[in-house]
Amino acid sequence: MNGLKQEQAGRCWPEEASRVPLWVYSDPSVYADEMERIFYGDHWSYVALEAEIPEVGDYKTTFIGERSVIVVRTGDDEIAVHENRCAHRGARFCREKFGKAKEFACPYHQWVYSLEGELQAVPFQRGVRRKGGMPESFDLKDNGLNRLRVQCENGIIWATFSQETPDFKEYLGERMYAHYQRVYDGRPLKVLGYNRQHIPANWKMMMENIKDSYHPGLLHVFFSTFGLFRADQESATELDDTGRHGILISRKGEQELNDVSGSIRSFDGDLELSDTRLIEYEHEWSTPQTVGMITVFPSAILQQQVNSLSTRQIIPKGAGGFDFVWTHFGYADDDEEMTQRRLLQANLFGPAGIVSAEDGEVIEYCQEGATGNASQNAMIEMGGHEIECTDYMITETAIRGMYAYYKKIMGF
């Protein structure tokens, strides 16, 4: 749906990106258009870590938008991503989240595909006793699985439906790619565990939340109290040139009462930890920052908070909900002490995380407020109207950048 059709339907987006009409969070027609223009368009989507499928035949199923895909290590030790849809009648045939296979078979009519996605066999292709069967023109090689473009970048697997999507490094831009390489530097990764949850809110609200450097030191008791992310700390908000990607950067402070912490309702000077490893940071990267939260539009968050590392994947499930998948990881050469540190600090995050549980709840509040109020706008003006990198966190510039790009790609 283009911008003209939106206006004809009584929908109009204010010119500035600092006002977001609430109908973008609940309109089914907007959501359907997002799937085509964004998730199935010229964008890279996170699908897996290479460490999740280490051996030939290992596979993982996940989603890009609402389309199920299979991420598999093929017989030539390459990584392929196929749409999880049988070429015959469209069945989503691979049902397991993880597995190991020599080939894929659709249970409906037993069509068999290689790990590379090539159609290998069709039962009764030539019929039975000269009756029935596929037409003479039917050719196995023309009816394989839909294979997506794939790029593996320092341990992460990205996929796109489009042949026009630029190289991943170009897609991120020079500034964001430098931040990406800080953590994803080519060292082999190892998976530590998963969390999954469903949040009854529009998928864009989670991208907003992670781009929002204004809220962490206000909403989250742990952040404001123990100085993990608070307004008086050394910090920055950066964007790529398109505005679609961003990073929140901060350097850990202390549990101290000062002119900033004293004005924050969530600050609790009496709160004590029985195990301080939960927030302690062991320096291990090239820069002194203790927080690096990268958002890769449209659906990936790459998290480094103290020594905790995870990817977060947004999987839209209609205009009013999304699944959120956390993959916690470390480096393959981590010693046991570091692995335990990463696992302990992972308790800050996930569906019941000390910090992240609050995000899921307030995002649901926002969706409730947006539903049924299509004529109203959200205000995204903290830090002004500009879209630019800043050396402070009391700003919504990264959200404005995302919506400036979103308006353009959606044709509003």
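Sequential numbering from 1 along the given sequence is applied to the chain's residues. These numbers come from the heavy atoms of this one structure, side chains and all, not from hydrogens, waters or symmetry mates.
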Closest approach of W285 to R187 (non-hydrogen atoms, all atoms of both residues): NE1-NH2, 3.8 Å
Other residues, nucleotides, ligands: >12 heavy atoms within 6.0 Å of E174 CD: no
E96 and Y59: side chain donor to acceptor below 3.5 Å: no
Aromatic plane relationship, Y405 with F297 - under 30° parallel, 30 to 60° tilted, over 60° perpendicular: perpendicular
Enclosure of E234 CD (heavy-atom neighbours >12, cutoff 6.0 Å): no
Residues, nucleotides or ligands: over 12 heavy atoms within 6.0 Å of Y214 OH: no
Nearest non-hydrogen partners of V221 and S266, listed with the distance: CG1-O, 3.6 Å
Whether R312 side chain and F324 backbone form a donor-acceptor pair below 3.5 Å: no
Other residues, nucleotides, ligands: >12 heavy atoms within 6.0 Å of D241 CG: no
Pair E153, Q151: side-chain N/O donor-acceptor within cut-off below 3.5 Å: yes
Parallel, tilted or perpendicular: rings of F168 and W158 (30°, 60°): parallel
Side chain E118, main chain Y113, donor-acceptor under 3.5 Å: no
Contact check, side chains of F63 and V69, non-hydrogen atoms, under 4.5 Å: no
Closest heavy-atom pair and its distance - W203, P298: CZ3-O, 3.3 Å
Nearest atoms (heavy-atom pairs only) where F322 meets M206: CZ-CB, 3.5 Å
Side-chain donor-acceptor pair present, Q289, T287, cut-off under 3.5 Å: yes
Salt-bridge present (E396, K211; N to O < 4.0 Å): no
K169 charged N/C atom sitting above Y180 aromatic ring, 6.0 Å / 45°: no
Salt bridge E284-R342, side-chain N to carboxylate O under 4.0 Å: yes
Main-chain N/O of I409 paired with R37 side-chain donor or acceptor, under 3.5 Å: yes
Under 3.5 Å side-chain donor-acceptor pair for E208 and Y25: yes
Short side-chain donor-acceptor distance under 3.5 Å, D334 and T339: no
Aromatic plane relationship, Y194 with F98 - under 30° parallel, 30 to 60° tilted, over 60° perpendicular: tilted
Gap between atom CZ of R73 and atom CD1 of I157 - 0.5 Å precision: 7.0 Å
Ring geometry between W326 and H328 (parallel below 30°, tilted from 30 to 60°, perpendicular above 60°): parallel
Side-chain (Y31) to main-chain (G318) donor-acceptor, under 3.5 angstrom: yes
Closest non-hydrogen atom pair between V24 and N202, with its separation: O-ND2, 3.9 Å
Polar side chain donor-acceptor pair, Q304 to R182, under 3.5 angstrom: yes
Exceeds 12 heavy-atom contacts within 6.0 angstrom, atom NZ of K408: no
Residues T74 and E78: side-chain donor-acceptor under 3.5 angstrom: no
Main-chain N/O of F104 paired to W111 side chain as donor or acceptor, under 3.5 Å: no
Closest non-hydrogen atom pair, R175 against E238: CD-OE1, 3.3 Å
